[in-house]
Amino acid sequence: MSSLRFKVVEEAFDRKAVQVKIPKERPEEYYGELVFNRKKMYQYLPKDTYNALVYAIDNKEPLSRALADSVADGMRRWAIDNGARHYTHWFHPLTDGTAEKHDAFIEHDGKGGVVEEFSGKLLVQQEPDASSFPNGGIRNTFEARGYSAWDISSPAFILDKTLCIPTIFISYTGESLDYKTPLLRSLNAVDKAGTAVARLFDPKVKHVISYLGWEQEYFLVDEALYSARPDLVLTGRTLMGHESAKNQQLEDHYFGAIPSRVEAFMLDLEIECHRLGIPARTRHNEVAPNQFELAPIFEETNLANDHNLLLMSLMSEVARRHNFRVLLHEKPFAGVNGSGKHNNWSLGTDTGVLLFAPGKTPKDNLQFITFVVNVMAAVHRHNALIKASISSATNAHRLGANEAPPAIISIFTGTKLAQILESLENSTDADLRDLAVKEGVSLGMSQIPEIMIDNTDRNRTSPFAFTGNRFEFRAVGSTANCASAMLALNAAVADQLNDFHAKVEKRMKAGESLEQAILEEVRTLIKQSKAIHFDGNGYSEEWKQEAAKRGLDCETSVPKIFDAYLRPESVEMFKRTGVLSQVELQARNEVKWEMYTKKIQIEARVLGDLALNHVIPVATRYQSFLVDNLVKMKSLFGDEKMQKLSHADLTTIEHISEHMSIIKDEVEKMVNARKEANAITDERSKAIAYHDTVLPHMEVIRYHIDKLELMVDNEMWPIPKYRELLFIR
Ligand code: ADP
Ligand code: MG
């Protein structure tokens with residue numbers, strides 16, 4: 001009898017509905033109270049320091065040592081006033097999540113006691129000796145020097161009574177060992193390139209800013225049930241479990257009423273977010289049972305990404321207060337939707353123009369078209385790389401499955417934009433010359449009519465969709481660090497914009513007018529990048545074939561998808577934009593392959609253990625119970641009568657035997673495949689071996705375990721079933 005499963009199910013199902021208590025204070029009273037924002041800077045820093053710091057932040061300039069000392073002192077006083085006793089450099093290593101190492105503010109006072117101090121040196125730079133973080137061979141452990149350095153564009157905050165200072169993490173020799181460093185470089189690149197192009201339209205533009213509004217999907221599971229599933233605890237997803245008879249087919253969860261326990265969690269989480277200056281705004285149920293989403297108001301990309309990382313750790317913490325565990329894995333349950341993290345991305349100018357939003361005047365619209373078309377060209381040229389930027393062992397379960405974006409990158413434009421692109425493409429040189437002549441008067445060109453983009457023109461099957469004033473990159477995984485996708489996208493677009501700008505200038509030098517030059521280039525790009533445009537059903541078989549014909553990258557093996565980072569066109573692009581060097585790219589790929597291998601390795605081990613120690617013993621017990629019963633029936637009824645009576649039981653016994661022997665066999669094969677793969681030293685080949693030779697066994701094992709789940713006595717089944725995990729009471 002499986003007492004543990006019944007105990008935890010009872011515990012989970014016994015939880016009472018809760019009263020959701022809205023706090024008396026309004027959000028504006030506590031919003032940002034744990035952030036060292038400009039208001040706090042003004043309050044805690046001497047006036048000169050405040051002015052110099054704000055200037056440095058706004059102009060992306062370094063801090064002098066004297067200034068850093070003064071900032072550190074004010075920051076420490078603010079932190080201590082708010083209950084903090086420790087500080088940490090908070091950074092984003094190449095693993096998932098964030099890293100921190102806490103130090104108390106104390107220093108010897110020279111009299112046998114201590115004083116609380118914090119110097120500019122400690123604020124600005126640290127050597128966390130984080131030698132165990134993956135670095136792809138850039139640092140040998142014997143000279144394990146990695147430095148963390150304050151990113152002044154991202155404000156410090158207090159989390160768990162600790163002052164957290166957002167930092168970049170780089171090696172002794174200056175190579176990035178994190179996500180933030182190349183992200184910041186890509187934001188600089190797109191700022192420079194975007195500004196040059198935006199200035200063709202408005203010379204007042206000084207900066208172009210990249211914006212990110214992520215939508216975070218996640219699952220909640222009752223913590224009692226979670227703790228009884230070793231696969232959830234160790235891998236974040238269920239490695240076995242038969243589909244629940246009811247899951248998402250009635251579509252009754254999406255946007256449905258939120259259970260009170262969940263609502264209480266969400267409210268608590270939102271308050272924590274707001275205190276930390278994360279502008280959480282939207283919350284709703286998602287498609288799968290127990291699946292939810294949280295989205296903030298969009299922000300500048302670097303800050304938005306910090307906030308997303310912070311949110312993911314907040315979520316886990318707040319969930320525990322409510323007897324939940326949050327599952328950020330892309331595919332915690334088979335048979336129901338997985339979780340993504342839609343990255344709504346746009347570019348805007350410091351003059352307040354959103355560059356992917358149609359404007360009011362023809363000139364605005366030409367600018368809009370210019371930027372949109374350059375994005376399409378960049379995504380087309382680097383579609384394999386863009387896909388690599390969102391690929392991981394965990395996201396692989398989602399991409400290509402019949403629910404999420406396919407494993408092919410394409411852009412959805414919607415009918416209106418598609419019409420505009422088409423009419424531009426088909427315009428003749430004469431049209432364009434004509435336009436140039438009519439400049440100023442009727443740039444109300446037939447090619448660019450007044451543009452009204454209807455935001456409801458949606459296509460959920462597209463991985464990269466134009467949605468009115470931004471692009472929504474939907475293929476990003478729910479556990480991912482958004483920086484991976486954002487740095488590839490911003491770098492590719494920056495490179496493309498540079499190219500565009502150079503070509504326009506060249507044309508103008510040859511005597512073409514600005515409008516003519518731009519239109520010619522836009523037209524060329526529309527023609528060149530046509531293959532990336534697809535408004536049809538991304539899940540269909542036909543699209544896979546069509547995409548291959550169009551030359552889009554259709555690779556589905558994640559370790560091979562990573563190769564895109566090292567293709568000459570990627571290496572050159574990252575080099576030209578100064579975002580990542582070849583050494584960095586090589587090292588980061590080593591890390592990606594290693595992480596891939598480790599994830600599958602852990603899952604394979606857990607599944608093997610579950611199969612041999614949980615499932616087989618229980619199935620054997622049930623089988624011997626059936627056999628026992630048969631023997632007793634035989635002695636009761638005699639051989640002849642038994643011929644008729646025992647048919648069903650015999651078949652069950654036979655089937656259980658078959659499933660069990662396949663499982664045992666497959667586990668053995670899987671272990672051997674692992675052993676062979678482990679002997680490979682090259683990280684890429686090892687990851688490929690895990691993908692090609694270990695993964696397939698896992699699928700077979702799961703299939704047979706799930707069959708057994710339906711046969712074995714419900715009371716004996718050792719771990720919570722899908723129908724118990726997926727429906728919060
Ligand atoms: P959906 O209809 O996809 O749920 P929402 O309107 O709720 O979209 O917005 C989703 C996210 O997109 C939010 O985080 C929102 O702030 C963000 N967003 C809206 N406009 C932009 C933009 N121009 N740039 C970046 N993100 C944006
Ligand atoms: Mg969305």
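Counting from 1, the numbers follow the sequence of the chain as shown.
The aromatic rings of His659 and His704 are tilted relative to each other, their planes meeting at an angle between 30° and 60°. By the 30° and 60° cut-offs, the orientation of the rings of Phe265 relative to His322 is perpendicular. Note: Phe562 and Tyr596 have perpendicular aromatic rings, judged against thresholds of 30 and 60 degrees for the angle between ring planes.
Residues Gln601 and Asn678 have side chains that bring a donor and an acceptor to within less than 3.5 angstrom of each other. Side chain to side chain, Asn343 and Glu472 fail the donor-acceptor criterion of an N or O pair below 3.5 Å. Side-chain contact check for Asp535 and His533: at least one donor-acceptor pair (N or O, by modelled atom type) lies under 3.5 Å. Residues Lys341 and Asn308 bring a donor and an acceptor atom of their side chains to less than 3.5 Å of each other. Glu330 and Thr479 share a side-chain donor-acceptor pair at under 3.5 Å. Checked by atom type, the side-chain pair Tyr218/Ser478 shows no donor-acceptor distance below 3.5 Å.
Residues forming a side-chain hydrogen bond (donor to acceptor under 3.5 Å, both in side chains) with Ser392 (at least two apart in sequence, or on another chain): Thr394. Remark: Glu11 pairs with Arg15 by the salt bridge (Lys or Arg N to Asp or Glu O under 4.0 Å) rule, at least two apart or across chains. The side-chain hydrogen bond (donor to acceptor under 3.5 Å, both in side chains) test applied to Asp692 returns no partner, not counting sequence neighbours.
Looking at Lys331, its side chain does come within 3.5 Å of a backbone N or O of Val336 through a donor-acceptor pair. Using a distance-only test at 3.5 Å, with no hydrogens or angles considered, no donor-acceptor pair links the side chain of Lys669 to the main chain of His697. In this structure, the side chain of Arg550 engages the main chain of Ala531 through a donor-acceptor pair within 3.5 Å.
Taking the six-membered ring for Trp and the full ring otherwise, Phe412 and Phe466 have centroids separated by 6.0 Å or more. Aromatic pair Trp543/Phe534: centroids less than 6.0 angstrom apart.
With salt bridges taken as basic N to acidic carboxylate O contacts below 4.0 Å, none links Lys686 and Asp682. Between Glu603 and Lys599, no side-chain nitrogen of the basic residue sits less than 4.0 Å from a carboxylate oxygen of the acidic one, so the salt-bridge criterion is not met. Contact check on Arg237 versus Asp231 returns no salt bridge, with no Lys/Arg side-chain nitrogen under 4.0 Å from an Asp/Glu carboxylate oxygen. Between Glu223 and Arg320 there is no salt bridge, since no side-chain nitrogen of the basic residue lies less than 4.0 Å from a carboxylate oxygen of the acidic one. With respect to Asp222 and Arg261, a salt bridge is recorded, a charged nitrogen being found less than 4.0 Å from a carboxylate O. Arg684 and Glu590 are not joined by a salt bridge, as no carboxylate oxygen comes within less than 4.0 angstrom of a charged side-chain nitrogen.
Of the residues Glu286, Gln216, Glu217, Gln291, the one that meets the side chain to side chain donor-acceptor pair (under 3.5 Å) test with Ser339 is Gln291. Evaluated for a salt bridge (charged side-chain N to carboxylate O under 4.0 Å, His left out) with Arg5, the options Glu10, Glu724, Glu709 yield exactly one hit, Glu724.
The environment of Lys721 atom NZ is dense: over 12 non-hydrogen atoms of other residues, nucleotides or ligands sit within 6.0 angstrom. Other residues, nucleotides and ligands place more than 12 heavy atoms under 6.0 Å from the CD atom of Glu658.
What you find for Asn469 and Ser346 is that their closest heavy atoms are O-CB, 3.8 Å. Summarising the geometry of Ser391 relative to Val558, their closest heavy-atom pair is CB-CG1, 4.2 Å, with the distance given to 0.1 Å. In plain terms, the two heavy atoms of Leu552 and Ile409 that are nearest each other are CD1-O, 3.8 Å. Residues Trp593 and Pro559 approach most closely at NE1-O, 2.8 Å, considering heavy atoms. Minimum interatomic distance between Tyr565 and Ala388 (heavy atoms only, all atoms of both residues): CE1-CB, 3.7 Å. The two residues Asn481 and Asn305 make their nearest non-hydrogen contact at OD1-ND2, 3.0 Å.
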| task | May I have the step-by-step check of salt bridge (Lys or Arg N to Asp or Glu O under 4.0 Å) for Glu594 and Lys598, ending in yes or no? | result | CA-CA 6 Å; Glu594 194 184 328; Lys598 284 182 176 164; 2.9 Å; yes
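A heavy-atom distance below 4.5 Å is found between the side chains of Phe464 and Leu489.
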